[in-house]
Amino acid sequence: MLRGSPPPPRSANRPVPERDDDSVRRIHDAFSQRNFRRDFSRRGLHYIGLLDETGLKVPAVVSVDDLDFIRPPVICLTDPEAGSKGQVPHVLRSDGTFCYLDRKSVVLDRYKPAETIIQCLERADQVLRDAVRGRLVDDLAEEFGGYWSDGEVLVDLPPSFEGDAKVHILRLDRDPEHKTIVVSHDKTSFAKLHRRNTVKDPGPGILCPIILVPPLSFDPKLPWPPKDLAQLNGWLKKMAPNALGSIEAAFARTKDLHIQWICLSAPNGRFFVSAEIAKPYRTPEFLKNRRASIARTLDRIPAAVEISGYVGVPADEGYVFSRNLGHMKNLAGKRILLIGCGTVGGFLAQHLAQSGAGAGGGRLMLVDDDELQGANLGRHLLGAPYLTWNKAEACADFLGQQLPHLDIGFSCDSIMKQLAILQRYDLCIDATGEEALSIALNDYAVRKRPDFPPILYTWLEGNGAAAVGFMSHDPDLACFKCLKVELAGEKRFRLLREGVEIETARNLACGDAHYIPFPVSRAASAAGLACDMVLDWANNGERHRWRSLTMDHRTANEVKDGNPKRVVKCPACGGSA
């Protein structure tokens, strides 16, 4: 190569040079520039130095355990009170870890490790200075749960609930050591799982008054968190005076128990207090005979009551089923019947359940007369525990475990033996992919108009080359039969390319009947398309009643979504409309 000529372009086959050693050198230079020294007493990249070295001079250890910088370097303040004269926001109380960067809001540059280290240290300096100068007072309230929590509590209550709730200790899985605290008003949906795992009903629960209070925070210069009743009341007197004395009052309202709960429901979260009377005082005289005067007694021995704090995690159905939908309505309150719980229908049942079908007084009804076999395992929602189960029953059982809030029913009979039930629902879905059954359902639906709900048909074309969803209800628009008037004729929307043949298979040695191979991903995509159409229906957004999703462009054409008109010569709707 001649001097001064541009370097040759990198060959596509040229190996990418190893960059870790170079990154480590550049990271070391960056720390040295900030007067940090490496801590060789520990394995890995750990550096000791001062944050805000010309001002607060707070000692810290910075650990770099991810050279890709997917995770920012971890900073621990070895003396959080140095320079700050008190605890500051963003310091987790357990080990001094300093939260200075939201990894979800900033992408660090893995190709510029030195600049990234300097960026992180400067960011930590700034957060520390702002905290000490009182500029991050609001952060204390936002992060209050991080300073309060000894654990988490599932809250099965609507956000506005105020009054008496119950604390339940439940087993949500089969591990006897794994217990979950759930707070609800009277009974909770999660009790179903406890009953299933223990074959016992949960106990009556412990009284837990829910008290509305202002936003909660604390003075970082005072001892924190409260460890006994005296410290708790001292804090409540300043932050939530309306809750002062609520622990004592709750003890007075219960019998025998040496433990009591209250919930401080604030705009910045729900925070639970567990108060436990020390062992020397757990006597019948104290817990029973003098129960009426226990509040006055506790006032005299506040240090004998140990306090623990828990953060509430929303788990009520309104939160679970609306959190991911933004401005959209979920399917709560709707009565939806799903016919076919096979490959597409199984995933669709799950999508509908996660969208709230069966919540809020609604119902999700599953219908299928087939059983789950080994041949289904490679592309069905369900696995080996449900082999030989009826598919509708199995799907209902599985979803009931995952989302106990829901009312999910099932029928093991063919829908053709129970056509009358179709009209009891707000929406019917045919996910069987069986053309003959779809034609029969369509015929029944057309004849029962206008007293018949919308019916959504969904199926896969070819070997999963495309998914289709078609909603039929409007008599001026096409019915299912209008999409292919003659059984042996051409389809109205030709998705498969010319000459493409559908591959079928049969495993004689396994006794596997003829079937159409397609990967599980195509079934899940078809279910997604259908679920989107159901959500649009629930939100009055049915722009296009015929929609397709092309997944294999080698074998399928893209067809524009639309609202196909009724065909006059259609044997189902043409003559009757």
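FYI, the numbering just counts along the sequence from 1.
The backbone N or O of Leu128 sits nowhere less than 3.5 Å from a side-chain atom of Asp52 that would complete a donor-acceptor pair. Between the side chain of Asn539 and the main chain of Leu535, a donor-acceptor pair closer than 3.5 Å is present. Under the 3.5 Å distance criterion, the side-chain polar atoms of Lys192 are matched with a main-chain donor or acceptor of Pro404. Between the Asn242 side chain and the Leu212 main chain, a donor and an acceptor come within less than 3.5 Å of each other. Between the side chain of Ser322 and the backbone N or O of Tyr319 there is no donor-acceptor pair closer than 3.5 Å. Between the side chain of His168 and the main chain of Leu170, no donor-acceptor pair closer than 3.5 Å is present.
In this structure, CG on Asp20 lies 9.0 Å from CD1 on Ile27, to the nearest 0.5 angstrom. To the nearest 0.5 Å, atoms SG (Cys341) and CG (Leu366) are separated by 4.5 Å. We find the CD-CD1 distance between Glu276 and Ile259 to be 4.5 Å, quoted to the nearest 0.5 Å. Rounding to the nearest 0.5 angstrom, the gap separating the SG atom in Cys263 from the CZ atom in Arg270 is 6.0 Å. For the atom pair CZ (Phe69) and CD (Gln119), the distance works out to 10.0 Å, reported to the nearest 0.5 Å.
Phe190 is linked by a ring-ring contact (aromatic ring centres under 6.0 Å, His included) to His405, counting only residues two or more places apart in sequence or in another chain. Under the salt bridge (charged side-chain N to carboxylate O under 4.0 Å, His left out) criterion, Asp173 pairs with no residue at all, not counting sequence neighbours. Contacts of Arg37 classified as salt bridge (charged side-chain N to carboxylate O under 4.0 Å, His left out), with partners at least two apart in sequence or in another chain: none. With sequence neighbours excluded, the residues that form a salt bridge (charged side-chain N to carboxylate O under 4.0 Å, His left out) with Asp407 are Arg363. With sequence neighbours excluded, the residues that form a side-chain contact (heavy atoms from CB on, under 4.5 Å) with Asn197 are Arg171, Arg174, Leu193. The side-chain hydrogen bond (donor to acceptor under 3.5 Å, both in side chains) check on Asp397 picks up Arg196, Tyr386, Gln401, with sequence neighbours excluded. Among residues two or more places apart in sequence or in another chain, the side-chain hydrogen bond (donor to acceptor under 3.5 Å, both in side chains) test is passed with Ser411 by Gln418. Qualifying salt bridge (charged side-chain N to carboxylate O under 4.0 Å, His left out) partners for Arg71, counting only residues two or more places apart in sequence or in other chains: Asp65.
Ion pairing between a basic and an acidic side chain is recognised when a charged N comes within 4.0 Å of a carboxylate O; Asp426 and Arg335 show no such pairing. Checked for salt-bridge contact, Arg296 and Asp299 miss the test: no charged N lies under 4.0 Å from a carboxylate O.
Shortest non-hydrogen contact noted between Asn330 and Phe321 is CB-O, 3.3 Å. Nearest approach of Ser63 to His46, heavy atoms of both residues: OG-ND1, 2.7 Å. Considering all non-hydrogen atoms of both residues, Glu248 and Leu229 come closest at OE2-CD2, 3.8 Å. Here the closest heavy-atom approach between residue Pro214 and residue Pro267 is recorded as C-CD, 3.7 Å. Across all their heavy atoms, Ala523 and Thr343 have their closest contact at CB-CG2, 3.2 Å. Heavy atoms only, all atoms of each residue included: Arg34 and Leu50 are closest at NH2-O, 3.5 Å.
Arg123 and Gln126 form no side-chain donor-acceptor contact under 3.5 Å, judged by distance and modelled atom types alone. Using modelled atom types and a 3.5 Å distance limit, the side chains of Asp109 and Thr116 yield no donor-acceptor pair.
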Yes or no on side chain to side chain contact (heavy atoms under 4.5 Å, CB included) for Asp39 and Arg42, after CA distance, side-chain angles and deciding distance? CA-CA 6 Å; Asp39 180 5; Arg42 291 186 286 180; 3.2 Å; yes
Going through the distances and angles, do Cys120 and Tyr100 end up as a side chain to side chain contact (heavy atoms under 4.5 Å, CB included)? CA-CA 8 Å; Cys120 290; Tyr100 64 98; 3.8 Å; yes
Intermediate values then yes/no, side chain to side chain contact (heavy atoms under 4.5 Å, CB included), Leu67 and Arg110: CA-CA 7 Å; Leu67 296 180; Arg110 69 190 303 277; over 6 Å; no
I'd like to know whether Val74 forms a side chain to side chain contact (heavy atoms under 4.5 Å, CB included) with Val64, so could you lay out the CA-CA distance, the side-chain angles of the two residues, the decisive distance to 0.1 Å, and finally the verdict. CA-CA 7 Å; Val74 176; Val64 183; over 6 Å; no
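Checked options Val273, Ile181, Val183; the residue passing with Trp261 is Ile181 (criterion: side-chain contact (heavy atoms from CB on, under 4.5 Å)).
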Identify each donor-acceptor pair in which a side-chain atom of residues 155-165 lies under 3.5 Å from a protein atom, sequence neighbours left out, and give them as a table.
from: Asp156; atom 1: OD2; to: Thr188; atom 2: OG1; distance (Å): 2.8
from: Asp156; atom 1: OD2; to: Ser189; atom 2: N; distance (Å): 3.4
from: Asp164; atom 1: OD1; to: Arg253; atom 2: NH1; distance (Å): 3.3
from: Asp164; atom 1: OD2; to: Arg253; atom 2: NH2; distance (Å): 2.4

Identify each donor-acceptor pair in which a side-chain atom of residues 344-357 lies under 3.5 Å from a protein atom, sequence neighbours left out, and give them as a table.
from: His351; atom 1: ND1; to: Phe347; atom 2: O; distance (Å): 3.3
from: Ser355; atom 1: OG; to: His351; atom 2: O; distance (Å): 2.9

Would you tabulate the side-chain donor-acceptor contacts of residues 301-313 under 3.5 Å, counting partners in other chains and residues two or more places apart, or write 'none'?
none

I'd like a table of donor-acceptor pairs (distance under 3.5 Å, sequence neighbours excluded) in which one partner is a side-chain atom from residues 200-210, with atom names and distances.
from: Asp201; atom 1: OD1; to: Arg195; atom 2: NE; distance (Å): 2.4

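Around NE2 of His258, the count of heavy atoms belonging to other residues, nucleotides or ligands within 6.0 Å exceeds 12.
Residues Tyr47 and Phe36 place their aromatic rings such that the two centres sit no closer than 6.0 Å.
Looking at Leu56 and Arg129, their side chains come closer than 4.5 Å, going by heavy atoms from C-beta outward.
The aromatic rings of Phe218 and Phe144 sit tilted, their planes meeting at an angle between 30° and 60°.
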